[in-house]
Amino acid sequence: MTEPDLNAQRIAAANFYETHYTGSDPIFLEPGVKLILGSAGSPRHCRFCGKNEPEVTFKDEAHALPAAFGNTGLFSNYECDACNHLFGEGIENHLGNWSKPIRTLSRIKGRNGVPTIKKPGRDKGWRIEYADAGFQLTEYEEEPFFEIDEQAKKLRFDLHRDTYVPVAVLKGLVKIGLTLIPEDETPHFRETYEWICDTDHSRDFVANFPVLRTFIPGPMRNDLIVLMVMRRRAEIDTVPYAFFTFAYGNEVLQVFLPSPSQDRCINGKLFRLPPFPIPGFSDQDKYGHPKVKVENLTNRQPVKNEKVTVVFKFDAAAH
Ligand SMILES: [Zn+2]
């Protein structure tokens, strides 16, 4: 695919979103930025379980985005301690396992630094970790997990993913969007809040809600997160009601926020949405073009021992 085609696609996608959606200003999270969503006035209200003080407490800092993604500055005043613990012990673990390979490769620092990926089990095996000087790749002969193609200047990783339940990952992503939406939008998502709070992941709720992932090759900042919520324009009834975009490291996720009442008009319809256009990224001639993948995260069975293949282009191999 040639460069002009990609630019034409980007312009077409920008026009599509401009016509169909309206968005709030993006949130740029970087070191030093602290932002607390919602009022600190009492009695506080939890938008997830719908309960108020003093029936529920609000003592803990509620991350609007899990700390694993490098969030040290965005919190909310409307997530009670009980919901905070429920998410932290449940869907955020699934989201953490699912996103770990990309977080490692993007050098995203969570509470304990950049996550290390190891061969599962206690046996000696491979591991990948990030230290101050760069990635440390340790490989043992029996178990090669990366290949270097010096001619094409490509490094290919086969990474292991810890067990996750896809629909629990989807709930974890939707939870971020439901934290970001303005208070006056929350009535449209009452059933969606109940669904993400339900620890029974076998419940039927969303049939077809794709997550669009764009992988941006090349060096990207590991300390900048950009979040944006988009809502369908009032006169439009041909596209899903709402979605949010979440850019960090080498990845941009576009996650739809299912609203049973507002999405009734598109039920049973087939539609194609272009991925939300991504603003400025690294040198494409050098590192390759961004790649879009549609993820279906509606399955309810645990996924075990999944391999994630990532290919990086590099300038020169160090010997
Ligand atoms: Zn709550």
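All ligand and atom numbering here is 1-based and tracks the order in the structure. The chain is numbered in sequence order, starting from 1.
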Which residues and atoms, protein N, O or S only, are under 2.8 Å from the Zn ion (ligand 1)?
C46 SG, C49 SG, C80 SG, C83 SG
List the atom pairs, with distances to 0.1 Å, where a side-chain N or O of residues 221-232 and a protein N or O form a donor-acceptor pair under 3.5 Å, not counting sequence neighbours.
from : atom 1 : to   : atom 2 : distance (Å)
R221 : NE     : D223 : OD1    : 2.9
R221 : NH1    : E30  : OE1    : 3.4
R221 : NH2    : E30  : OE1    : 2.8
R221 : NH2    : D223 : OD1    : 3.3
N222 : ND2    : R107 : O      : 2.8
R231 : NH1    : E185 : OE2    : 3.2
R232 : NE     : I236 : O      : 3.2
R232 : NH1    : V239 : O      : 2.9
R232 : NH1    : Q262 : O      : 3.2
R232 : NH2    : Q262 : O      : 2.8

Between F276 and F244, ring centroids under 6.0 Å
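Ring centroids of F276 and F244 are no less than 6.0 Å from each other.
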So, do F87 and F48 have ring centers that fall under 6.0 Å from each other?
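Distance test on ring centres: under 6.0 Å, yes.
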Using residues 19-27 as the side-chain source, report each donor-acceptor pair under 3.5 Å to any protein atom, sequence neighbours left out, with the distance given to one decimal.
from : atom 1 : to   : atom 2 : distance (Å)
T19  : OG1    : N15  : O      : 2.7
H20  : ND1    : F16  : O      : 2.8
Y21  : OH     : P240 : O      : 2.6

Only pairs under 3.5 Å count here: list side-chain donor-acceptor contacts from residues 49-57, not counting sequence neighbours, and write none if there are none.
from : atom 1 : to  : atom 2 : distance (Å)
N52  : OD1    : H45 : ND1    : 2.8
E53  : OE1    : R44 : N      : 2.9
T57  : OG1    : D81 : OD2    : 2.6

With no hydrogens and no angle check, do the side chains of H85 and D60 hold a donor and an acceptor under 3.5 Å apart?
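Yes, D60 and H85 have a side-chain donor paired with an acceptor closer than 3.5 Å.
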